[in-house]
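Following: one structure in C-alpha cells, then a few remarks.
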Amino acid sequence: MPEKPTLDGLENKWVDVWQEAGTYDFDRTATREQVFSIDTPPPTVSGSLHVGHVFSYTHTDLIARYQRMTGKKVFYPMGWDDNGLPTERRVQNYYGVRCDPSLPYDPNFEPPAEPGKDQIAISRGNFVELCERLTIEDEKVFESLWRRLGISVDWKMTYQTIDTRARAISQRMFLNNLKRGEAYQSEAPTLWDVTFRTAVAQAELEDRERPGAYHRVSFHKPDGSPLFIETTRPELLPACVALVAHPDDERYQPLFGTTVTSPIFGVEVPVVAHTLADPEKGSGIAMICTFGDTTDVTWWRELQLPTRPIIGWDGRILAQEPEWITSELGKNAYASLAGLTAHSAKEKVAELLRESGDLEGEIRPITHPVKFFEKGDKPLEIVTTRQWYIRNGGRDADLRAALVARGSEITWHPDHMKVRYTNWVEGLNGDWLISRQRFFGVPVPVWYSLDADGNPEWDKVIVPDDSQLPIDPSAEAPHGYTSDQRGVAGGFIGDADVMDTWATSSLTPQIVGGWSVDDDLWKRVWPFDLRPQAHEIIRTWLFSTVVRAHLEEGQLPWKHASISGWILDPDRKKMSKSKGNVVTPIDLLDEHGSDGVRYWAASGRPGTDTAFDVGQMKIGRRLAMKILNASKFVLSQGTADATAVTEPIDRALLALLADVVDEATAAFEAFNYTKALEVTETFFWSFCDDHLELVKDRAYGLAGDDAAASARASLNIALETLLKLFAPFLPFVTDEVWSWFHPDSVHLNTWPTSAELKSFDGNPELIGHAAEVLSQLRKVKSEAKVSMRADIATATVTAKAEVIDAVRHVEADLRAAGRVMSDLTYTEHDGPTEISAILA
RNA sequence: GGUCGAUUGGCGCAGUUGGUUAGCGCGCUUCCUUGACAUGGAAGAGGUCACAGGUUCGAGUCCUGUAUCGACCA
C-alpha cells in the first residue's frame with residue numbers, strides 16, 4: 001500500500017498486468033449456459049475515434065464486466081469494420097491511387113511515399129492490398145485506445161470485416177441464400193449514385209432539402225392547344241413516357257386515353273390516370289419519365305409504360321440518340337444535350353423551351369426533399385441495372401410479418417426502440433439490394449457462362465465449391481473452366497460486383513462465433529446474449545442481422561439489444577466534426593483518467609442522449625481518488641475475523657450494504673448500469689462522510705479491543721464489497737486497491753451477494769438515525785463557525801421513542817465523532833428528531 | 001407529414017406498480033486545514049414538477065389536447 005496513493009500511471013500499469021495475466025481471455029471450455037456472448041459493433045477504422053465511441057463502448061464494457069463477475073464466461077471479441085467505401089476513399093487519398101479493375105495485378109507495386117498530384121491507376125488486387133495495409137495501422141490505434149479505456153475484450157480474438165474468414169463466411173452465407181432462393185438477381189430500375197457509380201439500397205438513403213424550381217411547360221394536344229404540366233426536372237423531357245393525373249380529377253378526365261405531344265422533342269405520349277398523382281401539386285398533371293424519382297418507377301411498373309432511359313451511369317445524358325425521338329428538331333435538340341450533366345441539361349432544356357415558347361411564365365424556385373446516398377453529395381438518379389437482392393420482407397407479406405415478430409422477441413433496452421424496428425420493417429418497399437459496383441469489399445461469389453457469341457448468360461449462374469471460399473471471381477476461374485476461358489465465347493465471366501457492406505456486417509455474430517468454420521466455438525456462443533449498438537443503424541445493421549439469422553437459423557441472433565444514445569454538445573446539439581467541437585478521446589483520457597471518463601459515460605442510460613460534460617469526468621476522478629484514500633484508511637486500521645462484527649452500528653452498516661447490493665444487482669440485470677452506479681456511489685459517500693467518522697476512534701482502539709475488532713472487520717467487509725460494486729465502472733482504481741490486499745484481480749472475483757451481509761442481522765435504520773444526529777451536532781458547530789473538532793459540552797436528543805432507542809445503541813460512537821464531553825440526554829417527543837447542544 | 005422520446009430548483013439528471021415534508025450531482029452562500037482525503041470536509045439557500053383540461057379520496061407518476069426541443073422515418 002503506497003504512502004500517498006495516486007491515480008497517475010494506473011492505466012498503463014493495469015493495461016499491462018491484464019494483458020500479461022490474460023484477465024479477460026475467453027474460456028473456450030465453457031458451455032453455452034455458462035457463456036455471456038456479446039456481438040460487438042466493429043468500429044469503422046477509416047473514420048476517426050470520437051467521444052461517442054468512448055461513450056457507447058464503455059456501456060457495453062460495464063455489462064461485460066458485471067456478467068464476468070457474476071461467474072459468466074464472457075465472450076467479448078472486437079472487430080474492425082474496414083470493408084467498404086470509407087476505406088476506399090481513405091486509401092485513395094492516403095496513397096494517391098485509384099482502382100482500375102481492368103488492370104492486371106502487379107506483385108511488385110509500391111505506392112509512392114507521398115501521394116502525387118494525379119492518382120495512379122492500380123489493379124483491384126493491389127488496391128485491396130493497400131486497403132489492408134492501411135487498416136492494420138488504423139486498427140492498432142483503435143486497440144490501444146480501447147485498452148487504455150479499460151474495455152475488457154479478449155484481444156486475442158479480433159476480426160476484420162474484410163479478412164479471409166469474414167469473406168468466406170459472407171460468401172458462404174450468400175450462397176446458402178442463393179440455394180434457398182432468398183438471393184436473386186433482377187434487372188430493374190435502381191437508385192444510383194453517380195459519383196460512386198454504384199447502386200444503393202433503401203437503407204442507405206436519406207432525404208435532403210435542396211433548392212429546385214418548377215418549370216411550367218406546355219405539351220400539345222392534337223388540336224394544337226397547350227396542356228400545362230409543372231416539373232422540377234425539365235431535362236428529363238426526352239425521357240417522358242406519359243402524362244398522369246388523378247382519376248378523379250375532372251379537369252383531366254376528358255384527356256385520359258388520348259395522347260399529347262412533348263414540346264421540342266415532338267414525342268407522342270398517352271395521358272393516363274393514377275391515384276398517386278396529386279391534384280394539388282402544380283397543375284395537377286405530371287409527366288412520367290424513366291426515371292426521375294421513385295414515383296415514376298411505381299407508375300412505370302403499374303401502368304406498364306415503356307422505358308426511355310437518357311441518363312447514364314455517370315449521371316450524364318446518354319450520347320446515343322434515342323430511337324423514340326424521330327423529328328429533326330427533336331434530334332437536334334437531343335444532340336445539344338448529349339453528354340451534359342443533369343444540371344447543365346436542365347438549363348439547356350429550359351433555354352430551348354424558352355426559345356420555342358413552351359415555357360410558360362417565370363421559373364418558380366422551391367425547396368424540396370431530394371434523395372441522396374447517405375455518403376454521397378449528388379442527388380441519386382434512377383437507372384436500370386441488373387443487381388443482386390436478398391429477400392427481407394419488402395415484397396413478401398409473410399416474411400415481413402415473421403421479421404416483425406422476431407423484432408418483438410428481442411428484449412430492447414430501452415423498450416421503445418422496438419418501435420423503430422417495427423416501423424422500418426413495415427415500411428419496406430422492396431427487397432434488399434446487396435450488389436455494389438465497387439472494388440474493396442466481399443465479391444459476389446459467382447460467375448456466369450458465356451454463350452457462343454460471347455454474351456453473358458445471366459441466368460446461368462456458376463457457383464464455387466465451398467472449399468474454394470473465399471473467392472474473387474474476377475481473378476479465379478470456376479471449376480470446369482480454365483482461366484484462359486475468361487471472357488471468350490463458350491467460357492465464363494466473373495461477377496464484377498462486391499456485396500454491400502451490410503451484407504457482411506449483418507454476419508458479425510457468425511464471423512465472431514465461427515459459424516461454418518469452428519463448430520465447437522459456435523455451439524458455445526450462439527445465439528448471442530447481447531447486441532449493443534447505436535439507434536441510427538437499427539434499420540441497417542440490426543435489421544439485416546436479424547434477416548440473416550432468421551433465414552439461416554430460423555432464430556434470433558441475440559436475446560438483448562441495447563441501444564446507446566448520442567453525445568450532445570453542452571448546447572444540446574448533436575456533436576459533429578463540422579462544428580469543430582470534437583474532442584479527441586485520448587486527450588480526455590489523459591486529462592481526466594480512464595476511470596473518470598468511464599464514470600461520465602456510465603451516467604448515460606441506454607437510449608438516452610447525454611451531454612458531453614467534463615464536469616462529470618472530474619467528479620468521476622474525484623470518486624476514484626476518494627476510493628484510494630478511504631481504502632488506505634480502512635486497510636491501515638488492520639482487520640479482524642468476520643465473527644468480530646458485534647457492534648449494532650457495524651451490523652447496521654452491513655445490512656444497509658446488503659440492500660445496496662440487491663439494488664445494484666437488480667439494476668445491472670435490467671441493463672441499468674447508471675442506477676447500479678448511483679446506489680453504490682450514494683452508499684459510498686455516506687460510508688465515508690458519516691460511518692468512517694463515527695467509527696474512527698473506535699477503530700483506533702480507543703474503546704477497547706473488541707469494539708475495535710468489530711469496526712475493523714466490518715470496514716473490511718464493506719470495502720471489499722464496495723470495490724466489487726465499483727469494479728465494472730472504475731476498473732483501474734478498484735484493481736489497484738484490490739491488489740493492496742489480494743493476490744488476484746477484482747475483475748475475476750465474484751459479484752457480491754446480499755446473503756452473507758444479511759447474516760449479520762443488523763438494523764439498517766440505525767445508520768440513518770445516527771447520521772441524522774451526527775449531522776445536527778455538526779450543524780451546531782457549523783453555525784457557531786467553529787471547527788468540527790471543537791468540543792460539545794452537553795447534547796440532548798429530542799425524538800420518538802424508537803429513534804431514541806436506536807441512538808442509544810450508537811451513543812459511544814456519536815459522542816466520539818461529535819466530541820461530546822458528557823453523556824447524551826434524551827427527551828421523548830413525537831416529532832422530527834432534534835438535537836440541542838451546548839459548545840464547551 | 002408520420003412515428004417515438006423528452007419538457008422536474010441556474011445547469012445536468014433520478015423519481016420503479018399513482019399515496020405523508022419531490023431526491024442527487026455541479027454551481028452558489030457560510031464556515032472548517034495538523035492522526036484517510038484541499039484532486040478535501042461541514043452546514044445551508046434554492047424547484048410544486050412546460051401549459052390547459054380530465055380520471056381519482058389522492059398524480060411529477062395515468063388519459064386527452066396544446067406548445068417547445070430532439071431523434072428516427074417519409
Side-chain angles (χ1 to χ4, degrees), chain A residues 1-8 202-203 205-207 294-295 369 371 412 414-429 534-540 563 565-566 568 570-574 591-593 596 599-600 603-605 607-637 663 666-667 670 672 674-675 677-679 681-682 685-690 692-693 696-697 699-702 715 719 737 774-790 817-818 831-832:
Chain A
M1 185 164 61
E3 191 64 29
K4 181 89 178 168
T6 174
L7 297 172
D8 297 335
Q202 186 183 354
L205 301 184
E206 62 183 38
D207 283 5
T294 51
T295 317
K371 289 199 190 315
W412 296 81
D415 185 61
H416 69 254
M417 288 296 173
K418 172 166 57 189
V419 178
R420 299 199 180 183
Y421 173 95
T422 307
N423 287 348
W424 174 253
V425 180
E426 289 177 344
L428 287 169
N429 55 30
H535 53 66
E536 82 276 17
I537 51 175
I538 289 175
R539 63 176 174 154
T540 50
I563 310 297
W566 290 111
L568 305 174
D571 67 356
R572 307 297 299 167
K573 291 279 167 31
K574 185 181 155 187
E591 184 173 352
H592 304 288
Y599 175 90
W600 159 73
S603 70
R605 281 143 54 242
T608 306
D609 293 345
T610 300
F612 176 74
D613 185 359
V614 293
Q616 282 297 111
M617 298 177 200
K618 288 179 179 154
I619 297 164
R621 193 171 171 81
R622 193 182 66 161
L623 173 62
M625 195 68 213
K626 190 81 174 177
I627 288 173
L628 282 182
N629 283 313
S631 301
K632 186 187 140 196
F633 172 73
V634 167
L635 294 174
S636 65
Q637 304 312 313
E663 282 183 61
N672 191 348
T674 302
K675 180 159 189 188
L677 173 58
E678 194 180 291
V679 296
E681 195 185 358
T682 301
W685 283 108
S686 72
F687 171 74
C688 290
D689 295 344
D690 297 335
L692 286 185
E693 292 300 326
K696 203 180 245 178
D697 282 5
Y700 289 147
L702 302 183
L715 291 179
L719 177 63
V737 172
L774 181 60
S775 172
Q776 296 216 30
L777 291 174
R778 285 166 173 163
K779 185 175 177 178
V780 169
K781 298 178 188 180
S782 189
E783 285 177 345
K785 301 190 177 182
V786 298
S787 161
M788 288 301 136
R789 301 203 164 276

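The sequence lines fix the lettering, A, B, ..., with proteins before strands; numbering per chain opens at 1.
- The side chain of Tyr700(A) sits closest to G35(B) out of G5(B), A71(B), G35(B).
- As judged by a 4.0 angstrom heavy-atom cut-off over every strand, Lys696(A) is placed among the base-contacting residues.
- In this structure, Thr610(A) contributes its side chain and Thr608(A) its backbone to a donor-acceptor pair below 3.5 Å.
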Give me the distances for all protein-to-nucleotides 7-9 of chain B N/O pairs that come in under 3.5 Å?
none

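- Using a 4.0 Å heavy-atom cutoff across all strands shown, Lys779(A) reaches sugar-phosphate atoms only and no base atom.
- Contact annotation for Trp600(A): no contact, since no heavy-atom pair falls under 4.0 Å across all strands.
- The Arg778(A) side chain lies nearest to A42(B) when the options are U39(B), A42(B), A36(B).
- Rounded to the nearest Å, the gap between the P atom of C69(B) and that of A22(B) is 31 Å.
- Within the 4.0 angstrom heavy-atom criterion, no nucleotide atom of any strand lies near Glu681(A).
- Mapping Ser787(A) and Met625(A) onto RNA chain B via the closest heavy atom, the residue that lands nearer the 5' end is Ser787(A).
- Taking every side-chain heavy atom of Ser782(A) into account, A43(B) is the closest of C26(B), A43(B), C72(B).
- With distances taken from any side-chain atom of Asn423(A) to the nucleotides G25(B), U3(B), A74(B), the minimum falls on U3(B).
- Positionally, the nearest nucleotide of RNA chain B for Glu678(A) lies more toward the 5' end than for the other of Tyr599(A) and Glu678(A).
- Relative orientation of the Phe612(A) and Trp600(A) rings is perpendicular, given thresholds of 30° and 60° on the angle between their planes.
- Dense packing is recorded around NZ of Lys632(A), with more than 12 heavy atoms of other residues, nucleotides or ligands lying under 6.0 Å away.
- The aromatic ring centres of His535(A) and Trp566(A) sit less than 6.0 Å apart.
- With 3.5 Å as the limit, one finds no donor-acceptor pair spanning the side chains of Tyr700(A) and Gln637(A).
- Ser775(A) comes within 4.0 angstrom of the backbone, heavy atoms only, and of no base.
- When the nucleotides G41(B), A71(B), C37(B) are ranked by their closest atom to the side chain of Asp689(A), G41(B) comes out on top.
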